[in-house]
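As the structure is a computational prediction, the values presented were derived from the model and not from experiment. All chains are named by letter (A, B, ...) in the order of the sequence lines, taking the proteins before the strands, and each is independently numbered beginning at 1.
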Amino acid sequence: MRRILAVSFALLFVVGLGLVPAVSAQTREETLIYSLQSDIDNWDPPNSVLREAIILGYHVFDHLAVRDLKTRKVGPNLALSWKPIDDTTWEVKLRQGVKFHDGTPFTAKDVKATFDRVLDPAKKMTARGNHAKIKTVEIVDDHTVRFKTDGPYPLFVERLTAQVMQSEKVIREKGHEFMQENPIGTGPYKLVKWSRKQEHLLVRNDDYWGAKPAFKYVKVRIIPEKATEIAELLSGGVDIIKAIPPDQMDVINKSGSARTATSPILRTAMLQLDQAARSGPNPFTDKRVRQAANLAVDTDAIIKHVLNGLGDRVATGINPMAFGWDANLKPYKQDLAQAKKLLAEAGFPNGVDIVFHEGPPIVEPAIQQTNDAIVADMAKAGFRVKRNFIGDNTVLVARIKDGKAGSMFNWSWGYYSVFDADAILHDVFKCGENYSYYCNPALDDLIFQGRSTLDAKKRAETYVKAQQLLFDDAAYLYKWGLRGVWGISNRVEYQAPADEVDRMFTVTLRKK
Amino acid sequence: MKRYALRQLVQLAVVIVGISMLAFAILHVIGDPVTLLLPQNAGKEEYARYYKLLGLDQPVYVQYWKFASRAVQGDFGKSWYTDTPAFKLVIERMPPTLYLTFAGLGMALLISLPMGILAALKRHSLVDNLCTVVAVAGQAMPLFWLGIMLIIIFAVRLKMLPASGYGTWQHFLMPAFTLGAFLAPITMRLVRSGVIEVMSTDYIKTARAKGVAEWMVVAKHAFRNACIPVITVLGLQFGQLLGGAVVTETVFAWPGVATLTVDSIRNQDFPVVQCAVVLLALIIVAINFVVDMVVGYIDPRIRVGT
Amino acid sequence: MSAVRAGDVALERANAPITGPTAGRRSLRRLWRLKWGLAAALVLLLIVLVTLAAPWLAPYSPVEVDIQHRLGPPAWMEGGKTDHWLGTDQIGRDLLSRMIYGGRVSLLIGVTAVAISSTIGVLLGLAAGYFGAKIDWIIMTLINVMLTFPFVLLALAVIAVLGASLINMIFVLGVAGWPIYARVIRAETMALREREFVVAGRALGMSHARIIFGQILPNLVSAITVVATLQIAQVIILESFLSFLGLGVQPPTPAWGNMLGEGRVYMLNSWWIAAFPGAAIFITTLVINLMGNALRDWLDPHMKL
């Protein structure tokens, strides 16, 4: 009897192993492996707020326009050309001969169907806010579309890079639920299989209208633990990883099997201060306290020592790569004496208590270390910081949206890859917006002015004024523009992307 | 025997219900998932509509009853995060965790059986104490530390095994070892005592008197006697193992149900959490039930006891 | 469930040592056999004393940030300085000081959590063992539910509501840990219930409370001590587990668990940040286990554990 038991356990174990799925047919040679730390929630890009969804969307879908990473200018893609007909109308000419993965040809009706769906308030798509300035999309002919906007829309061209083109047939016949897991696009890769939170397998679209990718297969693996991800890169299990903490760069560079590449990216980090008192009364409603916070921190030293120089100091939230950035505005320099003086003037001679909501290192890799350094500096000026670490990004973002994240919290903004000051001012500094804890009618006027004209010079002047205002008012505790760090296996060639969108279809094998 | 089985089944059912109630209660105390679900600019009517949609406006016991009655039919609702049926999500990820746990148990046996037998035979010697130290060491090391160390040694330095992931038997080795090391101490102690006990019985003395070779004595009799208590306790340990599975799955990027559960708790995705907890409990309890039956069959003392 | 009972029987056999011949030689031999336990106890004492003497022994404040000197290796390695014997962590805090202060926090958590769970567990175990029948059934079901219920869920849930802090963590660990005490105490109480002095006490009309607390409990002290000692080690490990999930002691307060968690990404290059707290947890739990085993052998070799 006991023998039977022992044998059955052994059998169970062996059978269990046997049931493990066999290694798939694609070879390592023809497969490129890319890893993410967290998986996407769905394969319907306009319905997701995640950066990972944007990245994967680039592989299976195409956009009307794309950014040329070398010149940083927006160029044609599915759209061949565009021009403003009047202040509120844009005409876009489409590329011909493009097919969706299911064989249907790409025409104007797909553009209309895509935008109609995204803009429909009933559908509650996440991307609706991005394109809200578009009132209607009209079909002129099979390859020409007219966009009517609600007033002048200077970001129109930029935002052409921010919407994937989806199939009208799929939207009509298959519906919303189907689209969450089955992306049918025109892009360089097709989705073969999605094992949630484990991996995605993409196969090359051999009928692609554009440049054919070098690798037949792309596998996207989900590896939640950073140390494991780096180990996989070093041992050859993964070819490209992103968001490497600066401290781990030397391990990769010394390994001989992989190297790192950096690039400044649009993502700008800051600590939001609850000036608008969304979470209730707090010390940061007083300008002097906010200025003291900015003066307390030796941000330059933190960039130099904690980030190993991988950060671009900014005076406000505007990134040096964005249109409208004022190069002449110098950021706050650490001045502890002045900080203490300001706090005393504000009524806090013996220091002040604040609450700090911190997030996990998903988008800002060295966030814990820099937070520690910032808090230590603030303590020197008299800030008593109560730290509240929230382990899950989704939860933190939800709390922020709810107005419960005062008096101070970690925030960074990727601009939705739109290289324009408006892309951050509106969502992060405007009064009443979900992710803004600042409220200043004067700034709101400037924001409105900036987006109401197509005249680039006028816009630039408006944004200079806006930045001066944000600086003087010390709206938030400003930090830096991030530098993305990628880990690349020596097996492949890859350019670190300045818009934070990894493009596996541009990766080639390294020539020996 | 039938009465015994029936009694155990009732106990089993009670435990499952208890667990599902506890999970339900805890989740509803945690917080408001609707905030996480609604997109920007949602107004008060939106909130009200969602509350109604998800059934959160009803009193707790009504909600529980609705949940329970549907659950029994296999309908655990749809995930609030991804809109797919919760049951499908959980079942998809159950096998990797189960394989991992069994593999971990197997590893634990592989480590502790020889060590336990050796320790028993060389009682009170240095070997015995050393075995105890090694066994205890496995539990004294935080799982993720051990896991990452193994990855660094075997995947990065030696390039012998894949660092993470799921697919081939090589992928199993390190995670199974990590989990197994966790279980080894108690298993080893049991094996050791089982062997010691049997070595002094008349049964063994008779075998020796009959001239049976020493190694045969050990192999056949001592080994078999050691297995039963081990299996019993392993059944219990299965529940504890699931805690260790969370860490192991995260470190080794293992697509299991433990990480799904933790993520769902963080996202406040109630249906998935409830489904996972209930299904896991079912499995644990089922395993314990099987063990109970087997042991009850072999050893009537257990059956008849209070 | 009877698997619990079968497990109890098996464990009892596992933990009963073998007795020797004459009395005098027996006690001396017992002590010698316990030499590992004694050595372990000494090491533990040393650890406790060092952590208690933290304000005098630690060269720096454990939260003093010095970003110019971050990621400094230990003194004996290339690039290491004697200012920082064990090196510095990712924002320049002295590792040696953090180790000493961290030990305080980890041991504090261990002892307090165990105090809470043992109190709850002993009370429930006494009730179950003494009163039997319905009460026993309820408490046994509770034990089974708690043992089958994933600890992670409980911890995440509680800390999500109450927030991550030292006190909340102790609370969670304390509340989640009682089943093991209850099980042991219940078994022991049931055995003691039938003994003569208890039966006599009932005959004399002693109240239940007096019997439980006056007669039964004193006999259980050794069992409680042994289990509690072993559980302290278990709680220290759980603390590192919670820190891994981000629910543990919050920075900048050092605790071995959260130091290990913060240092895990650095295991590839600045390995000392994780290695020292890891070693500390390892050694401490090891000696606690060895000491606990020896304690059991010494106090009551026939204990059912």
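Both the backbone and the side chain of B/V247 come within less than 4.5 Å of a heavy atom in chain C. For C/I237, the part lying near chain B is the side chain, with the backbone staying farther off; criterion is any non-hydrogen pair under 4.5 Å. Using a 4.5 Å cut-off between heavy atoms, B/V273 touches chain C through its side chain atoms alone. Looking at C/W271, neither its backbone nor its side chain comes within 4.5 Å of chain B, counting heavy atoms on both sides.
Within a 6.0 Å sphere centred on CZ of C/F171, heavy atoms belonging to other residues, nucleotides or ligands number 12 at most.
There is a side-chain donor-acceptor pair under 3.5 Å between B/E249 and B/T97.
Residues of residues 147-155 of chain B that come within less than 4.5 angstrom of chain C, heavy atom to heavy atom, are B/I148, B/M149, B/I152 in numerical order.
Side-chain contact check for C/I236 versus C/I109: every heavy-atom pair is 4.5 Å or farther apart.
Applying the ring-ring contact (aromatic ring centres under 6.0 Å, His included) criterion to B/F144, with sequence neighbours excluded, gives C/F244.
Taking both residues in full, the closest heavy atoms of C/V235 and C/G110 are given as CG1-CA, 3.8 Å, listed atom of the first, atom of the second, then distance. Heavy atoms only, all atoms of each residue included: B/V246 and B/T259 are closest at O-CG2, 4.2 Å. Pairing each heavy atom of C/G174 with each of C/S117, the nearest pair is O-CB, 2.9 Å.
Ranked by heavy-atom pairs under 4.5 Å with chain C, the first of B/G18, B/A258, B/P142 is B/P142. When C/T285, C/V145, C/N289 are compared by the number of non-hydrogen pairs under 4.5 Å with chain B, C/V145 comes out ahead.
Here C/D89 contributes atom CG and C/Y266 contributes atom OH; the two are 8.5 Å apart, rounded to the nearest 0.5 Å.
With C/N258 contributing its side chain and C/G248 its backbone, the two residues share no donor-acceptor pair below 3.5 Å.
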